[in-house]
Amino acid sequence: MTDSLNRLTAAIKAGKRKDARAATAEALDAGLSPQSVLNALTEGMNDVGKRFKANELFVPEVLVAARAMQKSMDLLEPILVASGIEPEHSVLIGTVEGDLHDIGKNLVIMMLKGANFKVIDLGVNIPAETFSQAIEEHKPDVVALSALLTTTMPAMESIVQHLNDTNAAVKIMVGGAPITEDFANQIGADGFSPDAASAVELAQQLCA
Ligand code: B1M
């Protein structure tokens with residue numbers, strides 16, 4: 001019976017969409033618990049994240065793995081919701097005002113979903129007020145900000161400042177190519193992550 005779970009993990013690692021869906025269906029049909037199927041899926045995505053971090057995989061391969069994960073999630077999600085196994089933690093994410101880059105942000109989202117976070121994606125070009133309103137509405141554990149341009153780093157700083165002033169309880173993590181640990185500390189963010197796999201580890205730490 002656990003053969004289908006092993007095949008699910010392998011299908012995610014290899015980015016095989018049809019295999020991921022078939023193995024998920026087989027596991028659920030065989031009566032395996034939705035939690036065990038979720039664990040197999042997460043194991044696959046964790047491995048992808050680690051290999052991406054180690055530069056053994058590149059963006060296109062991660063995207064392919066994430067699509068395989070999505071095929072599995074399509075079947076699993078309604079069952080998880082029906083059985084009350086909902087994500088324990090949530091992340092509100094967006095690319096800061098003035099910045100339209102979203103490929104990196106979307107990778108972070110996929111990895112977070114693979115680690116069973118609920119993700120609320122605000123999209124790109126998001127001003128401070130929109131983050132504040134969404135925090136009121138969704139009450140996330142963590143807010144994640146992405147910026148790809150040196151010219152939008154000041155917008156990231158203003159957003160962090162605004163959120164620290166108005167929503168002091170929420171944890172803020174930042175990332176994107178021009179962002180550094182020093183910059184994150186300087187602007188008052190709670191954490192910085194250089195890549196999508198580290199973003200998951202950081203979100204887990206901030207929620208602990
Ligand atoms: Co733009 N662009 N771009 N661009 N673009 C860069 C970023 C640039 C470095 C290219 C260059 O000049 N060499 C340069 C920035 C220079 C600078 O500021 N120092 C640049 C520029 C200048 C511009 C425009 C101004 C160009 C123009 O119009 N004159 C313009 C700006 C538009 C705007 O935003 N207002 C622009 C436009 C665009 C496109 C629309 C054409 C397109 C974006 C498409 C899209 O995103 N949907 C685009 C692209 C694709 C790039 C490059 C080529 C690739 C960016 C990317 O997706 N990387 C980029 C050059 C390059 O990097 N080679 C470039 C792959 C992605 C996986 O990496 O986003 O770093 P990255 O994400 C990583 C980590 O940073 C981290 O995890 C991800 C995965 O590991 N991470 C986070 C990211 N966000 C995180 C959030 C977290 C945690 C981790 O939360 C806590």
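Order of appearance sets the numbers: ligands from 1, and atoms from 1 within every ligand.
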Using non-hydrogen atoms of the residue, decide whether Phe192 is closer than 4.0 angstrom to ligand 1. no
With the threshold set strictly below 4.0 angstrom, can you tell me whether any protein non-hydrogen atom sits that near atom 63 (N) of ligand 1? no
Under 3.5 Å between any N/O of Thr151 and any N/O of ligand 1: does that happen in this structure? no
Establish whether atom 41 (C) of ligand 1 and some protein heavy atom are separated by less than 4.0 angstrom. no
Around atom CD of Glu88, are there more than 12 heavy atoms of other residues, nucleotides or ligands at under 6.0 Å? no
Answer yes or no for Gly98: is there a heavy-atom contact with ligand 1 below 4.0 Å? yes
Within-shell test, Ile179 vs ligand 1, heavy atom, strictly < 4.0 Å: no
Atoms of ligand 1, numbered as shown, that sit under 4.0 Å from any heavy atom of Gly176: 75 (O), 81 (N), 82 (C), 83 (C), 84 (N), 85 (C)
Cys207 to Val142 - nearest heavy-atom pair and separation: SG-CG2, 3.8 Å
Would you check whether Leu107 has a nitrogen or oxygen atom less than 3.5 angstrom from a nitrogen or oxygen atom of ligand 1? no
Might you check, step by step, whether the distance between atom 16 (C) of ligand 1 and some protein heavy atom is under 4.0 Å? no
Counting only non-hydrogen atoms of the protein, does one fall under 4.0 Å from atom 34 (O) of ligand 1? yes
Kindly identify the option in Gly104, Ala144, Gly94, Ser146 whose heavy atom sits closest to atom 71 (P) of ligand 1. Gly104
Please confirm whether Pro194 comes under 4.0 Å of ligand 1, counting heavy atoms of the residue only. yes
Do any nitrogen or oxygen atoms of Thr150 come within less than 3.5 Å of a nitrogen or oxygen of ligand 1? yes
List ligand 1 atoms under 4.0 Å from Val59, heavy atoms only on the residue side. 67 (C)
Under a 4.0 angstrom heavy-atom cut-off, which atoms of ligand 1 come close to Asp195? 76 (C), 77 (O), 80 (O)
Salt bridge flag under 4.0 Å for residues Glu201 and Lys53: yes
Look at atom 54 (C) of ligand 1 and say whether a protein heavy atom is found at less than 4.0 angstrom from it. no
Protein non-hydrogen atoms only, distance under 4.0 Å: does atom 79 (C) of ligand 1 have such a neighbour? yes
Regarding Ser36 and Asn39, is there a side-chain donor-to-acceptor distance under 3.5 Å anywhere? no
Numbering as shown, the atoms of ligand 1 that approach Asp99 to under 4.0 Å (heavy-atom distance): 34 (O)
Short question: side chain of Gln133, backbone of Thr130 - any donor-acceptor pair under 3.5 Å? no
Nearest heavy atom to atom 44 (C) of ligand 1, choosing from Val143, Asn106, Ile103, belongs to Ile103
Contacts of Lys50 that satisfy side chain to side chain contact (heavy atoms under 4.5 Å, CB included) - sequence neighbours left out: none
Spell out the protein N/O/S atoms under 2.8 Å from atom 1 (Co) of ligand 1 as residue plus atom name. His101 NE2
Scan the protein's non-hydrogen atoms and note whether one is under 4.0 Å from atom 69 (O) of ligand 1. yes
